[in-house]
2 protein chains.
Amino acid sequence: MPHQHLIKRLLAVSSLSEAEQRALVRLPYAVRNLADGETVVHQGERPRGCTVLMRGFLSRQRVISERNQISAFYVPGDVPDLHCLHLPTMDHDLCSTGPSIIASVSHGELRQVLRDFPGLTYALWGETVVQAAIYREWVENLGARAALPRVAHLLCELSTRLQKVGMAENGKMLLPFTQADLADACGLSTVHINRTIQELRRRRLIDWQGQTLELLQRAELEFIAEFDEEYLH
Amino acid sequence: MPHQHLIKRLLAVSSLSEAEQRALVRLPYAVRNLADGETVVHQGERPRGCTVLMRGFLSRQRVISERNQISAFYVPGDVPDLHCLHLPTMDHDLCSTGPSIIASVSHGELRQVLRDFPGLTYALWGETVVQAAIYREWVENLGARAALPRVAHLLCELSTRLQKVGMAENGKMLLPFTQADLADACGLSTVHINRTIQELRRRRLIDWQGQTLELLQRAELEFIAEFDEEYLH
DNA sequence: CGTTCGATTGACAATGATCAACCCTTGTGG
DNA sequence: CCACAAGGGTTGATCATTGTCAATCGAACG
């Protein structure tokens with residue numbers, strides 16, 4: 001199993017023995033480079049391994065009533081298709097947003113290690129628990145918040161998750177997302193996302209030029225978004 | 001661990017040995033009756049056990065920007081706070097909708113059994129995986145669908161889940177939900193939910209009187225909602 | 001230099017929210 | 001037994017947030 005952040009996070013939730021950590025680290029994997037927009041797994045496929053995102057961003061998406069709806073963003077250390085150990089078919093597309101690098105760990109070998117080291121099963125279950133908490137937040141975000149706080153909440157979440165894996169500092173990060181991506185994630189039109197971002201800029205809450213996003217007044221932004229990072233641990 | 005449906009479902013995903021099943025069945029639990037509207041677990045609490053819903057309905061809710069947003073409904077056999085094994089604090093209220101009966105299984109004893117029978121850990125992880133899939137569907141429902149298909153999708157989901165636990169037949173079921181509950185789950189106002197339900201009635205897609213809901217033209221309803229029960233197994 | 005992609009803008013339309021009643025049923029206390 | 005209150009459902013009128021359409025602009029790129 002690759003990636004330090006994944007292992008670090010597994011350690012944070014559950015505590016792993018030396019042997020367990022070693023077994024995890026020794027799991028073989030295949031690395032693959034992805035170009036912007038490339039699809040890792042297609043809806044309907046039955047992947048033979050789990051994907052660990054090592055670098056860059058992935059998004060989970062599917063077309064719902066003629067709209068492309070993004071239901072999750074993944075950052076390095078995430079395992080977007082971990083659930084395929086239990087439910088074999090992917091019911092979404094998994095796409096690279098910007099260039100990225102993934103590692104694939106065979107289901108068979110992973111299952112074997114999980115049988116040998118039950119503590120690892122528990123730890124990976126914890127990963128699913130965290131992802132579920134994020135989905136819940138998205139449900140609330142889409143169901144209850146108006147455009148401005150909704151976008152603000154997403155940006156806060158991204159910033160926090162990126163910070164945890166060392167890809168953001170002081171709310172400053174490199175994001176390959178287009179406004180259309182944000183729109184797909186927030187359930188808004190690109191036009192309205194554009195206006196919402198402009199409003200966030202006007203209020204000096206964010207600075208977003210090219211691929212560089214900076215959250216300027218974190219406290220104020222979190223207040224508007226009712227953001228509480230608790231759910232991300 | 002109580003409840004046949006939970007055990008049946010665990011068996012459906014993972015296969016459990018005789019010993020594992022016995023260990024599960026023998027877990028002690030405390031039963032509790034809940035009145036309509038009663039709260040099982042409050043936001044911020046750190047429950048000492050997992051809740052297994054035995055009868056009735058629970059909903060997970062929280063106030064987001066002055067709106068009560070429901071992020072999940074639970075039916076008998078579900079374990080709404082299973083994730084608290086990993087993340088100790090509940091960040092939502094868990095409320096009974098209509099009268100219900102729950103069983104509480106101590107975290108300590110559950111953990112012990114999971115240590116003794118790793119196959120059970122894997123099986124319960126599967127439960128979390130399914131719940132996560134439901135959240136994803138809700139994200140898509142709230143993000144991408146207009147009011148009518150959104151409500152239709154929720155009703156299809158409920159019907160399918162209830163059918164699996166023997167609480168619905170031919171799309172006919174007993175639901176204790178008010179229109180306000182639906183509104184909170186769908187991110188719509190009660191007024192608009194009311195009009196949407198009337199439209200569903202007018203098109204002879206549902207018959208809903210008192211607590212009895214019947215889905216009249218399942219195929220047509222699923223078509224409108226783009227509902228595919230795959231994600232529920 | 002033309003093409004494409006993403007960002008931006010304006011005009012207009014529409015879905016759904018809000019406000020304010022009103023009705024009906026049910027339950028409760030005098 | 002009746003009066004009243006409360007909760008849930010229903011309706012109409014009006015408002016506004018957000019979507020749609022269409023066009024423009026600028027940068028990047030072959």
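So you know, we letter chains A, B, ... as the sequences are listed, proteins then strands, and number each from 1.
- A ring pair (Phe, Tyr, Trp, His ring centres under 6.0 Å) with B/Phe73 holds for exactly one of B/Tyr135, B/Phe57, B/Phe177; it is B/Phe177.
- Of the side-chain N and O atoms in A/Arg150, none sit less than 4.0 angstrom from OP1 or OP2 of D/dT18.
- Between B/Asn194 and the phosphate of D/dG9, there is no side-chain N or O to OP1/OP2 separation shorter than 4.0 Å.
- In this structure, the CG atom of A/Asp184 is 14 Å from the C1' atom of C/dG6, given to the nearest Å.
- Here D/dG9 presents its P atom at 9 Å from CG of B/Asp181, a figure rounded to the nearest Å.
- Between B/His153 and B/Tyr231, the ring-plane angle classifies as parallel under the 30° and 60° cut-offs.
- With salt bridges taken as basic N to acidic carboxylate O contacts below 4.0 Å, none links B/Lys172 and B/Asp207.
- Within 4.0 Å of A/Thr178, counting heavy atoms only, lie sugar-phosphate atoms of the nucleic acid but no base atom.
- Among the heavy atoms of the strands lying under 4.0 Å from A/Leu188 are primed sugar atoms or P, OP1, OP2 only; no base atom is included.
- The residue B/Gly37 sits apart from the nucleic acid: no heavy atom pair falls under 4.0 Å.
- Residue B/Gly210 is classed as having no contact, given no heavy-atom separation below 4.0 Å to the nucleic acid.
- Among the nucleotides C/dA7, C/dG16, D/dG19, the one closest to any side-chain atom of A/Gln179 is C/dA7.
- Closest to the side chain of B/Gln198, from the set D/dT10, C/dC19, C/dT9, is D/dT10.
- Between B/Asp36 and A/Ala146, the one whose closest nucleotide on DNA chain D sits nearer the 5' end is B/Asp36.
- One interatomic measurement links the two molecules: CZ of B/Arg202 to P of D/dT10, which rounds to 15 Å at whole-angstrom precision.
- Rounding to whole angstrom units, CZ of residue A/Arg67 and C1' of D/dT20 are separated by 13 Å.
- Rounded to whole Å, the distance from CZ on B/Arg195 to P on D/dT10 is 11 Å.
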Could you walk me through whether B/Glu140 and B/Arg136 pass the salt bridge (Lys or Arg N to Asp or Glu O under 4.0 Å) check?
-> CA-CA 6 Å; B/Glu140 295 170 338; B/Arg136 279 196 292 271; over 6 Å; no
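- Listed pair B/Arg201 / D/dT10 meets the phosphate criterion, a side-chain N or O lying under 4.0 Å from OP1 or OP2.
- Between B/Leu182 atom CG and D/dG8 atom P the separation is 13 Å, expressed in whole Å.
- Atom NE2 of A/His192 is separated from atom C1' of D/dC21 by 16 Å (rounded to the nearest Å).
- In the model, B/Thr39 has no side-chain atom that pairs as donor or acceptor with a side-chain atom of B/Asp93 under 3.5 Å.
- In this structure, B/Leu142 places its CG atom 16 Å from C1' of D/dT18, rounding to the nearest Å.
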